K.L.:
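Sharing a structure here in structure tokens format.
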Amino acid sequence: MHTSTTAQFIQTRTQSPSPNITRQSILNNPGFGKYYSDHMVAIDWDMHQGWHDQRVTPYAPLTLDPASLVLHYAQAVFEGLKAYRHPDGSIWTFRPEVNAQRFIHSAERLGLPELPIGLFIQSLKELVQLDHEWVPSTPESSLYLRPFMMANESFLGVRGADKVAYYVIGSPAGPYFASGVTPVPIWVSTQRTRAARGGTGYAKCAGNYAGSLAPLNEARRNGCPQVLFLDSERAEFLEELGGMNIFIVQKNGTLVTPALSDSILPGVTRASVIELARSAGHPVEERPISINEVRDGLASGQVTEMFACGTAALIFPISVLKSELFSYGNDGQVAGPITLSLRQQ
């Protein structure tokens, strides 16, 4: 991770680091989002000083006034990316500058201040350097990094906050789904949508995910680990999953994914899949995809694979798209060759 910023971070090491045996036990089976490294990054912002008081501190609960704006108006954005340990022991994050730029776009949409790209990347580096022992080395594992920004001014008027806090925490992560790379069924929400034109769908903000949770509960009641949302205007075109983008693969090797809009998050993994696919000679189309096109393509054999992608889950194959009205696909237990090839790359 390279950075040109010269910000100075004050480092306060924890007086009670996790014992080696405890940490190693966690790293052997971290799950996802259940455990946290020993430290965290914090930076403050206000109207008068801008970004200031950069620090790395022991991981600890936050203290918020009950009137903090974030608790009432959800003025909060976040990112997610991973630090990987390579065979030579070095640690690399995956395309952090893309996350940094998206963080700026999300903040702008939520009326939050812009965090400079250099400061964003340096904040990651500060945490990873101090908590490097929390980066696992087993296959399919990483240190998941969660930068987030929230309004913490105590004020109940409806306006953008004059006081903001930025944090980074780290969580060792194994495979997102316990089933590994086995194809999974996906529930299609036909009654509720994730985002609308002109809204916050392209921003990675807390409210988007809150709105996806009731449909996700419905998906799980129907045996599906994730939910796919359709467009808000016609409930006809695929948009994205609760936290992932979707691709279909045609029998001629062409990948098709919904075109980006202000209701679809521009996934970092999505962009990477497109680049990898094109470099391997697979045409990629970014365009509207109707649920009827998927149905007909699966029936005729024109659609041979489906998969979703995102930072947490990387790439996972989809077996069936189903709702209370339909079920399209098959219950095959083997991922398609293009899906597997892209995932390996």
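Hydrogens, waters and symmetry mates play no part in the numbers below; they use all other heavy atoms, side chains included. Source: prediction; values computed, not measured.
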K.L.:
Show every ring-ring contact (aromatic ring centres under 6.0 Å, His included) that has at least one partner inside residues 65-89, sequence neighbours left out.
P.N.:
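Non-adjacent pairs meeting ring-ring contact (aromatic ring centres under 6.0 Å, His included): Phe78-Tyr209, His86-Trp92.
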K.L.:
Of all the heavy-atom pairs spanning Asn330 and Val320, show the shortest one and how long it is.
P.N.:
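That closest heavy-atom pairing would be O-CG2, 3.2 Å.
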K.L.:
Output all residues satisfying salt bridge (Lys or Arg N to Asp or Glu O under 4.0 Å) with Asp46, sequence neighbours left out; order by chain, then residue number.
P.N.:
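Here no residue qualifies.
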K.L.:
Test of understanding: with salt bridge (Lys or Arg N to Asp or Glu O under 4.0 Å), list the residues that count as partners of Arg221, not counting sequence neighbours.
P.N.:
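Result, salt bridge (Lys or Arg N to Asp or Glu O under 4.0 Å) vs Arg221: none returned.
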K.L.:
Any idea which heavy atoms bring Glu293 and Ile248 closest together, and the distance?
P.N.:
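Closest approach of Glu293 to Ile248: OE2-CD1, 4.4 Å.
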K.L.:
Would you find a donor on one side and an acceptor on the other, under 3.5 Å apart, between the side chain of Lys82 and the backbone of Ala173?
P.N.:
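No; zero donor-acceptor contacts below 3.5 Å.
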K.L.:
Taking the side chain as every heavy atom from C-beta outward, state whether Val77 and Phe103 have any pair of such atoms under 4.5 Å apart.
P.N.:
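SC-SC contact between Val77 and Phe103 confirmed.
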K.L.:
Are a donor atom and an acceptor atom from the side chains of Thr254 and Asn252 found within less than 3.5 Å of each other?
P.N.:
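Side chains of Thr254 and Asn252: pair found under 3.5 Å.
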K.L.:
Should the pair Arg23-Glu133 be classified as a salt bridge under the 4.0 Å nitrogen-to-oxygen rule?
P.N.:
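Between Glu133 and Arg23 there is a salt bridge, with a charged N closer than 4.0 Å to a carboxylate O.
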K.L.:
Looking at residues at least two apart in the chain, or sitting in another chain, which of them share a salt bridge (Lys or Arg N to Asp or Glu O under 4.0 Å) with Glu114?
P.N.:
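Result, salt bridge (Lys or Arg N to Asp or Glu O under 4.0 Å) vs Glu114: none returned.
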K.L.:
Does Glu324 have any salt bridge (Lys or Arg N to Asp or Glu O under 4.0 Å) partners at least two apart in sequence or in another chain, and if so, which?
P.N.:
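In terms of salt bridge (Lys or Arg N to Asp or Glu O under 4.0 Å), with neighbours along the sequence ignored, Glu324 is linked to no residue.
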K.L.:
Kindly give the heavy-atom pair with the smallest separation between Ala74 and Leu110, and that separation in Å.
P.N.:
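Minimum heavy-atom contact is O-CD1, 4.0 Å.
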K.L.:
Measure from the side-chain N and O atoms of Gln75 to the backbone N and O of Ala161, and report whether any donor-acceptor pair falls under 3.5 Å.
P.N.:
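Yes: the side chain of Gln75 pairs with the backbone of Ala161.
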K.L.:
Which residue pairs pass the ring-ring contact (aromatic ring centres under 6.0 Å, His included) test when at least one of the two sits in residues 214-253, sequence neighbours left out?
P.N.:
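Every ring-ring contact (aromatic ring centres under 6.0 Å, His included) pair that includes a residue of residues 214-253, provided the two are not neighbours, is Phe247-Phe307.
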K.L.:
Under the side-chain hydrogen bond (donor to acceptor under 3.5 Å, both in side chains) rule, collect the residues that match up with Asn152, sequence neighbours excluded.
P.N.:
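None.
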K.L.:
Going from CD on Glu239 to OG1 on Thr193, what distance comes out if it is rounded to the nearest 0.5 angstrom?
P.N.:
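Here the interatomic distance stands at 8.0 Å.
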K.L.:
For Asn29, give me all partners under side chain to side chain contact (heavy atoms under 4.5 Å, CB included), at least two apart in sequence or on another chain.
P.N.:
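Partners of Asn29 by the side chain to side chain contact (heavy atoms under 4.5 Å, CB included) criterion come out as none, since no residue qualifies.
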K.L.:
What pairs with Tyr167 under ring pair (Phe, Tyr, Trp, His ring centres under 6.0 Å), at least two apart in sequence or on another chain?
P.N.:
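Ring pair (Phe, Tyr, Trp, His ring centres under 6.0 Å) check on Tyr167 returns Phe148.
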K.L.:
My understanding is that only residues two or more places apart in sequence, or in another chain, count here; which of them pass side chain to side chain contact (heavy atoms under 4.5 Å, CB included) with Thr57?
P.N.:
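With neighbours one apart ignored, the set is Met40, Arg55.
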K.L.:
Quick one: does Gln49's side chain get under 4.5 Å of Trp51's, heavy atoms only?
P.N.:
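SC-SC contact between Gln49 and Trp51 ruled out.
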K.L.:
For the salt bridge (charged side-chain N to carboxylate O under 4.0 Å, His left out) test, which of Lys204, Arg102, Arg95 pairs with Glu79?
P.N.:
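So, applying the salt bridge (charged side-chain N to carboxylate O under 4.0 Å, His left out) to Glu79 and each of Lys204, Arg102, Arg95, only Arg102 qualifies.
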K.L.:
Restricting to side chain to side chain contact (heavy atoms under 4.5 Å, CB included), what partner residues turn up for Ala76, sequence neighbours left out?
P.N.:
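Partners of Ala76 by the side chain to side chain contact (heavy atoms under 4.5 Å, CB included) criterion, ordered by chain and then number, come out as Val70, Met150, Ala206.
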K.L.:
Indicate the atoms forming the closest heavy-atom contact of Gly329 with Leu298, along with that distance.
P.N.:
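Scanning both residues completely, I find the closest heavy atoms to be N-CD1, 3.6 Å.
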K.L.:
Name all residues meeting the side chain to side chain contact (heavy atoms under 4.5 Å, CB included) criterion together with Glu108; count only those two or more places apart in sequence or in a different chain, and write none if there are none.
P.N.:
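Listed in chain order: Tyr202.
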